[in-house]
There are 2 protein chains.
Amino acid sequence: MNAPAQIKKGRKFDQVIEGARTVFMREGYEGASVDEIARDAGVSKATLYSYFPDKQHLFLAVLQSECAQQAEVEFLMDAGDLSVEETLRVICTSLITFFLSTFGQDMFRVCVAEAQRFPELGRTFYDSGPKKWGRKIALYLDSPKARAVLEIEDTLLAADQLAQLCRADLMLKVLFGIEKDPPEAEIDRIASEAVKTFLARYRRR
Amino acid sequence: MNAPAQIKKGRKFDQVIEGARTVFMREGYEGASVDEIARDAGVSKATLYSYFPDKQHLFLAVLQSECAQQAEVEFLMDAGDLSVEETLRVICTSLITFFLSTFGQDMFRVCVAEAQRFPELGRTFYDSGPKKWGRKIALYLDSPKARAVLEIEDTLLAADQLAQLCRADLMLKVLFGIEKDPPEAEIDRIASEAVKTFLARYRRR
DNA sequence: CCGAAACTGAACCAATTGGTTTACATTATC
DNA sequence: GATAATGTAAACCAATTGGTTCAGTTTCGG
């Protein structure tokens, strides 16, 4: 359907992307050297440069692929006959778990770092992450089942508030290395508190 | 009181720090070259290296100074005879304004980017920013005036929830370049919604 | 107005950067 | 088993990097 933009050819393509992913996530764009990427990917520099015209395109290819993967993240919602409150708890728990995951943290870190240098990257990340989840949550909040229990004027904002509540306490602590791997109990607590606050505001009276 | 750690000597010290600040904030650590910093500071490289032993120490000096400045940020609270609700609104408005300010965004961006490479930086930033404000807000929430109106078990968590609610919608949009300079009306709206949600949960019944 | 401290500009260094090329090896596929 | 696509390793490139040195100016306190 789309012209592959004269990128990608041979069989070691995935190796290259994978190696680049590793190094870029660890070192950032400027911190990562092409030699190191090639070494880590177990591939010669010539091969690498036969796939991508330069470092920028390689970087963007990696980030693009990661954003696509990020867009696929599913937080099981609406699964069966859960109550609205239970559903919200499930949503929050999966959100928090993702925020604190290595993948989620790495993505966030390098996209924050490089959104200036690569303006389109910022938009891509935002669209495939926060925006997409916000939309999805808002969709649920607008569903009949939820509307029976909740009363919300601006569901998009409400969805974002819920997501932000999920970042309480833990998110920044992990991001700045204050805490490494929060116990599940702590995650459950934050999720529970997020739902409580959310329902206090939006539960139908 | 403290040994100045054989850093800092002469009259152009501030120029150097200022130039370094500019370039580091714009380019990040790896992206910033010492030559560019010296140029921007209007100072010879020799002078620069007479102040700091190497690039790392210069970077850390800048960030340390910025963190100190960050710690001084005051969101006027408890100012006079405002009601609790009014006070919360003032807190939120100043928080949001800071989050969206050039300084706040730059600090957040480079600290997120480099917290891996400079682990102590992450802690310093977190302590002088989020943690300090959280403590301060919690202090207010624990005050008699606030306690008369609010009922909170975990004031530190509540404070953090409030701060997170202030990041709804706008924070990530600005961080990733989707929106440049949100109008004051929008800021007020987010602040208002944050307070509403907060009070819904924690107002004494 | 002198002497010392601070500062400059430019040359210099070894190492590394992103990127190219060449001469040879490994794969597939038919 | 020939052929053409993919791959390799290493040498090579010019440019830039962080960092040093030094002979010469500027600045300023006493």
Side-chain angles (χ1 to χ4, degrees), chain A residues 3-64 110 113-114 116-118 120-121, chain B residues 3-64 110 113-114 116-118 120-121:
Chain A
Q6 68 252 50
I7 281 182
K8 107 161 44 173
K9 268 184 283 183
R11 53 208 136 107
K12 306 217 166 174
F13 185 85
D14 295 338
Q15 275 183 51
V16 173
I17 290 275
E18 168 59 21
R21 199 191 73 89
T22 307
V23 180
F24 277 133
M25 290 297 187
R26 191 195 328 130
E27 309 277 358
Y29 179 76
E30 293 277 356
S33 87
V34 178
D35 295 77
E36 192 183 356
I37 292 175
R39 204 181 317 129
D40 189 293
V43 142
S44 84
K45 246 210 307 183
T47 303
L48 192 157
Y49 272 104
S50 82
Y51 289 158
F52 299 95
D54 56 29
K55 197 190 180 189
Q56 283 207 25
H57 285 77
L58 174 54
F59 179 68
L60 290 178
V62 169
L63 264 297
Q64 187 176 313
V110 9
E114 312 296 350
Q116 304 260 94
R117 210 186 311 266
F118 302 97
E120 64 176 298
L121 168 63
Chain B
Q6 68 252 50
I7 281 184
K8 111 162 42 174
K9 267 183 283 181
R11 51 205 136 109
K12 307 217 167 176
F13 185 85
D14 294 338
Q15 278 184 49
V16 173
I17 290 275
E18 168 58 21
R21 199 191 72 87
T22 307
V23 180
F24 277 135
M25 289 298 186
R26 190 193 330 130
E27 310 279 357
Y29 179 75
E30 293 277 355
S33 87
V34 177
D35 295 78
E36 191 183 358
I37 291 174
R39 203 182 315 130
D40 189 292
V43 141
S44 83
K45 241 197 331 170
T47 303
L48 193 156
Y49 272 105
S50 85
Y51 289 157
F52 300 94
D54 57 28
K55 195 189 180 187
Q56 283 206 24
H57 285 76
L58 174 54
F59 179 69
L60 291 178
V62 168
L63 265 296
Q64 186 176 315
V110 10
E114 313 297 350
Q116 302 259 96
R117 209 186 311 266
F118 303 95
E120 66 177 296
L121 168 64

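Labels below follow one simple rule: chain letters A, B, ... track the order of the sequence lines, proteins then strands, and each chain is numbered from 1.
Residue whose closest nucleotide on DNA chain D sits further toward the 5' end, between R11(B) and A46(B): A46(B).
For DNA chain D, the outermost nucleotides in 5' to 3' order that have an atom under 4.0 Å from a heavy atom of chain B are dT17(D) to dT27(D).
Proximity of a side-chain donor or acceptor of D54(B) to a complementary backbone N or O of H57(B) within less than 3.5 Å is detected. D35(B) places no side-chain N or O within donor-acceptor distance of the main-chain N or O of A38(B), the cut-off being under 3.5 Å.
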Is there a side-chain contact (heavy atoms from CB on, under 4.5 Å) between V34(A) and L58(A)? Walk through the geometry before answering. CA-CA 10 Å; V34(A) 178; L58(A) 174 54; 5.8 Å; no

Evaluate the criterion side-chain contact (heavy atoms from CB on, under 4.5 Å) for residue pair L63(A) and F118(A); output intermediate values, then yes/no. CA-CA 11 Å; L63(A) 264 297; F118(A) 302 97; over 6 Å; no

side-chain contact (heavy atoms from CB on, under 4.5 Å) evaluation trace for Y29(B) with L60(B): CA-CA 10 Å; Y29(B) 179 75; L60(B) 291 178; over 6 Å; no

I would like to know whether R117(B) and E30(B) meet side-chain contact (heavy atoms from CB on, under 4.5 Å); could you show each step before the answer? CA-CA 10 Å; R117(B) 209 186 311 266; E30(B) 293 277 355; 2.9 Å; yes

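Near DNA chain C, meaning a heavy atom under 4.0 Å from it, residues 26-39 of chain A has A32(A), S33(A), V34(A) in order of number.
Counting heavy-atom neighbours within 6.0 Å of Q64(A) CD, excluding the residue itself, gives a total of 12 or less.
L48(A) has its CG atom 11 Å from the P atom of dT20(C), to the nearest Å. In this structure, F13(B) atom CZ and dC7(C) atom P are separated by 11 Å, rounded to whole Å.
Residue contacts for K45(A): at a heavy-atom cut-off of 4.0 Å it reaches a base atom on one of the strands shown.
Residue D40(B) is tested with R21(B), R26(B), K45(B) for a salt bridge (charged side-chain N to carboxylate O under 4.0 Å, His left out); the sole match is R26(B).
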